[in-house]
2 protein chains.
Amino acid sequence: MVDVPELVAQAREGRPRAVARLISLVEGASPQLREVMAALAPLTGGAYVVGLTGSPGVGKSTSTSALVSAYRRAGKRVGVLAVDPSSPFSGGALLGDRVRMSEHASDPGVYIRSMATRGHLGGLAWSAPQAIRVLDAAGCEVILVETVGVGQSEVEIASQADTSVVLLAPGMGDGIQAAKAGILEIGDVYVVNKADRDGADATARELNHMLGLGEARAAGDWRPPIVKTVAARGEGIDEVVEALEKHRAWMEEHGVLAERRRARAAREVETIAVTALRERIGDLHGDRRLDALAERITAGALDPYAASDELVASLTGN
Amino acid sequence: MVDVPELVAQAREGRPRAVARLISLVEGASPQLREVMAALAPLTGGAYVVGLTGSPGVGKSTSTSALVSAYRRAGKRVGVLAVDPSSPFSGGALLGDRVRMSEHASDPGVYIRSMATRGHLGGLAWSAPQAIRVLDAAGCEVILVETVGVGQSEVEIASQADTSVVLLAPGMGDGIQAAKAGILEIGDVYVVNKADRDGADATARELNHMLGLGEARAAGDWRPPIVKTVAARGEGIDEVVEALEKHRAWMEEHGVLAERRRARAAREVETIAVTALRERIGDLHGDRRLDALAERITAGALDPYAASDELVASLTGN
């Protein structure tokens with residue numbers, strides 16, 4: 001058995017091995033999962049979680065790396081969670097783009113973790129929030145959550161962030177791609193990366209139009225900014241950080257940050273509870289209860305809904 | 001409110017409108033869903049459910065239509081359920097290939113239903129079994145369940161059939177395609193359609209090899225037959241029916257049919273129960289319980305697992 005309090009103490013000192021160990025414990029649904037989660041709870045809430053989404057090729061990893069540098073210059077401890085929903089490899093797996101982050105590899109103020117979710121119980125909704133909790137409790141002041149891949153999972157990741165950054169690049173019909181994937185609406189901050197390329201202004205204009213950013217908004221509403229960057233040269237990154245800080249301040253002022261975090265916690269509890277209840281039903285395959293109900297159904301003595309009622313009643317006592 | 005007993009009586013007389021109405025009631029999660037399911041229960045169990053799967057272009061619809069003709073010649077009432085897991089259109093929607101079935105459109109002994117499952121609560125696992133129950137209770141002696149589309153959903157459909165037919169066609173690298181999709185192993189009967197084309201024998205041989213059909217089996221084990229057909233001309237269809245009847249007889253002799261149906265019923269109950277429990281949790285969004293837990297989590301006073309325990313306990317009373 002792992003000495004959880006000791007491990008947590010080491011993680012808070014910034015020891016990467018302790019952080020890695022804790023994430024493995026919460027990722028792997030270990031017997032000590034609950035002990036770890038309980039130990040982390042009072043230490044969480046300090047991190048600002050930023051989600052980065054966008055189609056492959058827009059420069060997500062480069063932008064993430066540039067943001068890490070910017071936050072490090074400001075003296076902040078940074079955690080990076082690179083989530084690959086399509087890969088079955090997890091843990092220490094170094095994703096292709098991760099090598100670009102190697103400049104931060106020896107920095108004790110930066111913790112980088114690649115995470116795969118395919119085949120995971122509950123997938124992204126289950127595993128990412130737990131890893132975020134570990135990084136938060138370990139004292140990361142900023143956590144950048146970057147997805148490798150596209151589509152629905154990006155929306156899911158974004159729903160776990162305090163602030164969502166949607167990245168685009170000139171050309172590539174990115175605006176339309178992003179719109180299709182349903183990620184265009186989720187941005188709190190938009191970044192047009194590779195802005196030294198032709199068409200950057202057109203992409204920004206197109207985005208501005210698609211989002212209706214030119215239209216009047218109610219006073220106090222958040223108007224997502226569009227920031228142009230050349231992440232590979234670090235250009236515009238300070239402006240992105242500034243936009244993030246503005247959004248954070250706006251959320252705090254309007255109670256949005258607390259509300260988002262409550263909603264996120266509620267979803268987290270819901271996912272865990274549904275999984276637990278499903279497991280309880282699964283356990284019934286071992287005993288005769290479910291079999292007996294199935295037998296009565298095939299005999300025509302019971303319909304599946306009445307059977308479900310009996311099953312739920314036997315689980316819930318009402 | 002619908003007069004359910006009257007509707008069921010009409011459906012048993014073979015009135016297509018009554019059948020359609022009943023399927024709509026069970027598909028749409030209407031308030032009378034439970035009443036309908038309870039009324040159907042004692043009338044079910046008489047139908048032999050055959051699943052047809054295979055890549056697009058192998059001639060699934062043509063084969064289904066030819067099988068309908070064969071069963072009609074034998075005087076049996078036939079139900080056809082064409083499931084399109086990718087389409088949001090349901091009910092009366094006539095899928096492209098459905099027109100080929102038009103020869104059966106005026107036959108009162110045949111009921112044809114297209115069913116879409118995208119966006120459906122619980123998807124295929126939830127909606128197809130209910131429609132099968134309606135057709136079964138309505139007196140269909142054979143129900144052919146055909147999927148439009150490929151992949152995981154095919155495996156799901158097959159799991160709901162008494163006997164699974166996997167269709168292939170020469171060329172197209174179908175064997176490999178089917179193997180990839182995971183549907184190669186699920187066949188109780190294999191059909192190489194378009195057998196008048198070059199390569200039909202090679203496809204049958206390849207299949208025979210991939211499935212290890214040439215190897216010795218224990219006495220009493222089912223050895224899936226490979227039947228060659230030209231469904232468009234009705235060739236080989238009687239042999240398919242014969243293979244199906246042999247499989248059915250084998251299943252009855254070895255208790256496999258009852259076991260498959262029990263397993264199917266158990267899965268059905270499980271799906272309904274999980275959905276019901278999930279809805280109960282969902283209802284909590286309305287009251288303050290889940291909110292209060294989320295509040296305590298964001299304050300660091302509680303971890304999500306402990307919160308889930310409280311939630312489950314409040315639902316289940318233990």
Side-chain angles (χ1 to χ4, degrees), chain A residues 33-46 129-130 133 137 257-258 260-278 280-282 284-285 290-291 293-312 315-318, chain B residues 33-34 36-46 129-130 133 137 257-278 280-282 284-285 290-291 293-312 315-318:
Chain A
L33 166 64
R34 280 159 181 279
E35 187 187 350
V36 172
M37 294 304 276
L40 298 178
L43 309 172
T44 56
Q130 324 228 55
R133 275 179 180 277
L257 187 60
R260 283 192 179 189
R261 288 179 175 185
R262 266 197 302 275
R264 199 161 71 210
R267 265 196 309 273
E268 215 177 328
V269 175
E270 203 177 331
T271 303
I272 294 166
V274 168
T275 305
L277 288 167
R278 191 186 282 273
R280 272 198 207 191
I281 293 176
L284 297 182
H285 282 298
L290 191 53
D291 274 356
L293 290 172
E295 186 88 48
R296 285 164 65 201
I297 291 171
T298 55
L302 194 69
D303 75 85
Y305 282 83
S308 162
D309 288 345
E310 285 194 28
L311 189 65
V312 170
L315 283 174
T316 63
N318 55 55
Chain B
L33 167 65
R34 280 159 180 276
V36 172
M37 295 302 276
L40 298 179
L43 308 173
T44 56
Q130 323 228 57
R133 275 178 181 278
L257 187 60
E259 186 42 47
R260 282 193 179 187
R261 288 181 175 182
R262 266 197 302 275
R264 200 163 70 209
R267 267 197 309 275
E268 213 178 327
V269 175
E270 204 176 330
T271 304
I272 294 167
V274 168
T275 306
L277 289 166
R278 191 185 281 274
R280 272 197 208 192
I281 293 174
L284 299 181
H285 282 296
L290 191 54
D291 273 356
L293 290 170
E295 186 87 47
R296 286 163 64 199
I297 291 171
T298 55
L302 195 68
D303 75 84
Y305 282 83
S308 163
D309 288 345
E310 285 195 28
L311 189 64
V312 169
L315 282 175
T316 63
N318 56 57

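On a predicted model such as this, the values are computed, not experimentally measured, just so you know. Naming convention: chains lettered A, B, ... in sequence-line order (proteins, then strands); numbering from 1 in each chain.
The two atoms that bring B:Arg34 and A:Tyr305 nearest to each other are NH1-O, 3.7 Å, heavy atoms only.
Between the side chain of A:Ser308 and the main chain of A:Pro304, no donor-acceptor pair closer than 3.5 Å is present.
Contacts of A:Ala301 with chain B are absent, with no heavy-atom separation under 4.5 Å from either backbone or side chain. Residue B:Arg133 touches chain A through its side chain alone, counting heavy-atom pairs closer than 4.5 Å.
Annotation: the span from A:Asp303 atom CG to B:Glu268 atom CD amounts to 9.0 Å, rounded to 0.5 Å.
Scanning for salt bridge (Lys or Arg N to Asp or Glu O under 4.0 Å) contacts around B:Arg262 gives A:Glu295, B:Glu259, with sequence neighbours left out.
Of the listed residues A:Ala276, A:Ala306, A:Ala265, the one with more heavy-atom pairs under 4.5 angstrom with chain B than any other is A:Ala265. Taking chain A as the reference chain and counting heavy-atom pairs below 4.5 Å, the highest number among B:Ala137, B:Ala307, B:Gly45, B:Ala273 is found for B:Ala273.
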